[in-house]
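By convention in this document, chain letters (A, B, ...) are assigned in the order of the sequence lines, proteins followed by strands, and residues within each chain are numbered from 1.
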There are 2 protein chains.
Amino acid sequence: MAQPMYQQIADDLRIKIETGELAPGAQLPTELELRENYNASRNTIRDAIKRLTSLGAVETKPGQGTFVVQKIDPFVTILTDDPKRGIVGENATYLSEVSESHREARLTTPRVEIQVPSGEIARRLRVESGTQVISRHQQRFIDEIPWSLQTSYYPMEFVTSGKAPRLLIAEDMPDGVVSYLEEAMGIRQVGYRDWITARTPDSNEQSFFRISHDATVFEIFRTGFDEDATPVRLTVTIFPADRNQFIVNVGKAPGPQYE
Amino acid sequence: MAQPMYQQIADDLRIKIETGELAPGAQLPTELELRENYNASRNTIRDAIKRLTSLGAVETKPGQGTFVVQKIDPFVTILTDDPKRGIVGENATYLSEVSESHREARLTTPRVEIQVPSGEIARRLRVESGTQVISRHQQRFIDEIPWSLQTSYYPMEFVTSGKAPRLLIAEDMPDGVVSYLEEAMGIRQVGYRDWITARTPDSNEQSFFRISHDATVFEIFRTGFDEDATPVRLTVTIFPADRNQFIVNVGKAPGPQYE
DNA sequence: GGGTATTTGTCCGTATGTATT
DNA sequence: AAATACATACGGACAAATACC
């Protein structure tokens, strides 16, 4: 046996999917039918299907069947801001990028919390661990598909000093928090750093994005800095890898995005 | 049964790993022992372990046992070139970044091929599909751990014109291909665009990186442009997500890397 | 709403193969 | 060569989710 049987079955089905014999959205034969087609036991068929789900080629729905996944048209985020536009709020950038591509973006109103951050958050925002921070959490959708989960963290003294009370208000800031902080506190964000990682989703992310436990999500930490190189904000965004890609432009790179 | 049994067992083992009760590198009890510990069948134990492998928490070795994975110290690549350094070869950047972190980098000598590129490669390099291109492929290691797979593509006329013959020589160019092209052909790369995606590894990548089929790799397409905004090269690099992270600096961001 | 058929999910037991020590 | 440990494959039983009448 060169290849295990479940692997051969998975490959055969994968080829049928790639050639279009099984179209996107189409239902695969049921486990019982596949069992007869391939003359294998149901468990072996199930192993083959598990292989395909972990490749992201099919999805199973209890009580209904197994279906070829609809490939989602990926949304591309430009991490390096357009210099002509200057550094603006991420949400404004997000909304304009999406509308440029003729798709409909939507954000939830922020959920504002006072938290004691995890060690990683505290380290990146450079506050002492054990102190409190303000967190603002938003969900983002494109064409009503859940697209990303974003949480921004700010040092607690921004509100305890009385200077930036609107950080605690559960409302979106259309001009962006960055420009609000400049108006209210004189803090200028002169640059930022994105730290890009990938991992498997936790259970919250699995249910929000409706992805399986062995899918992949990007986790991007964006730290904004003022002129003294002090972090003024940290934004952590989770993007499912099946519907998100990123662009970094350096030097003279043409067009906004496409050739 | 709120949670399925295999899930509870997986969670219990995961907690023991996170708390350090099962140290990195340690061997888990064998399937037979776990079966007695949890009073479950061997198949159920195996389902729990599959869950942990897909999380990347453990790895199984036939004939030996199941082991807590040694977390690899991730290597961080800066995608936005340091402006003081200017735009130099990726390999030079790679070697210097690694040596700055006191780790040992190594590259294989390039494997040079003439290929008819796939549609995606042709589109990104903006050559007509069906025409030939030069490809140069290298494997990169850090401390002898396989770290990335890189393939660069160049338009065929760079050598058919007789101007850049060294592109066909299977030798690393320590100063970088970019500066060679400038010397030899007068082509200046004035900028580049990185396009960042993530996916599961193909079988080549699985065996080279020694990762499982449901791991994740970053696939980064770097297109270099000359002053006419014409692509002069395309570099595709595969990075396993368990040992690679990326940084993008925009505006004034402090330090090279760490706070 | 309820009942039934269909389909996938979980769990068990067993046998045999393959890799490593 | 033998023992150990994981990998593959079979079969069966019941549960849970969904669709349909």
Please write out the pairs of protein N or O atoms and N or O atoms of nucleotides 3-7 of chain C separated by less than 3.5 Å, giving the distance to one decimal.
residue	atom	partner	partner atom	Å
C:dT7	O2	A:G63	N	3.3

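No donor-acceptor pair under 3.5 Å is formed between the side chain of A:R243 and the backbone N or O of A:K71. Remark: the backbone N or O of B:T30 is paired with a side-chain donor or acceptor of B:E33 at under 3.5 angstrom.
Rounded to whole angstrom, the span from the CD1 atom of B:I45 across to the P atom of C:dC12 amounts to 8 Å. Nucleotide C:dC12 holds its C1' atom 19 Å from the OH atom of B:Y38, rounded to whole Å. Rounded to whole Å, the distance from OH on A:Y6 to P on D:dC6 is 16 Å. Counting to the nearest Å, the P atom of C:dC12 and the CG atom of B:D47 are 10 Å from each other. Summarising the geometry, the separation between CZ on B:R51 and C1' on C:dG9 is reported as 14 Å, rounded to the nearest angstrom. Taking atom CD of A:Q3 as the reference point, atom C1' of C:dT18 lies 15 Å away to the nearest angstrom. Protein atom CD of A:E36 is 12 Å distant from nucleotide atom P of D:dG11, rounded to whole Å. Atom-to-atom, CZ of B:R46 to P of C:dT16 comes out at 18 Å; the value is rounded to the nearest Å.
The nucleotide D:dC14 finds its pairing partner in C:dG9, both defining distances of the Watson-Crick or G-U wobble pair being shorter than 3.5 Å.
Residue A:R42 places its side chain closer to C:dT8 than to any other of C:dT8, C:dC12, D:dC10. Side-chain atoms of A:P4 lie closest to D:dA9 of the nucleotides D:dA9, C:dC12, C:dT10. In the set D:dC10, C:dC11, D:dA7, D:dC10 carries the atom at the smallest distance from any side-chain atom of A:T44.
Under 4.0 Å is where a charged nitrogen must lie from a carboxylate oxygen, and between B:R35 and B:E31 no such pair does. Taking the charged nitrogens against the carboxylate oxygens, A:K16 and A:D12 do have a contact shorter than 4.0 Å, which makes a salt bridge. Classification of A:R51 and A:D11 as a salt-bridged pair fails, no side-chain N sitting under 4.0 Å from a carboxylate O.
Both tests pass for A:R124 against the ring of A:W195: distance under 6.0 Å to the centre and angle within 45° of the axis.
A distance below 6.0 Å separates the ring centres of B:F208 and B:F141.
A:T60 has a side-chain polar atom (N or O) that falls below the 4.0 Å cut-off from OP1 or OP2 of C:dG9.
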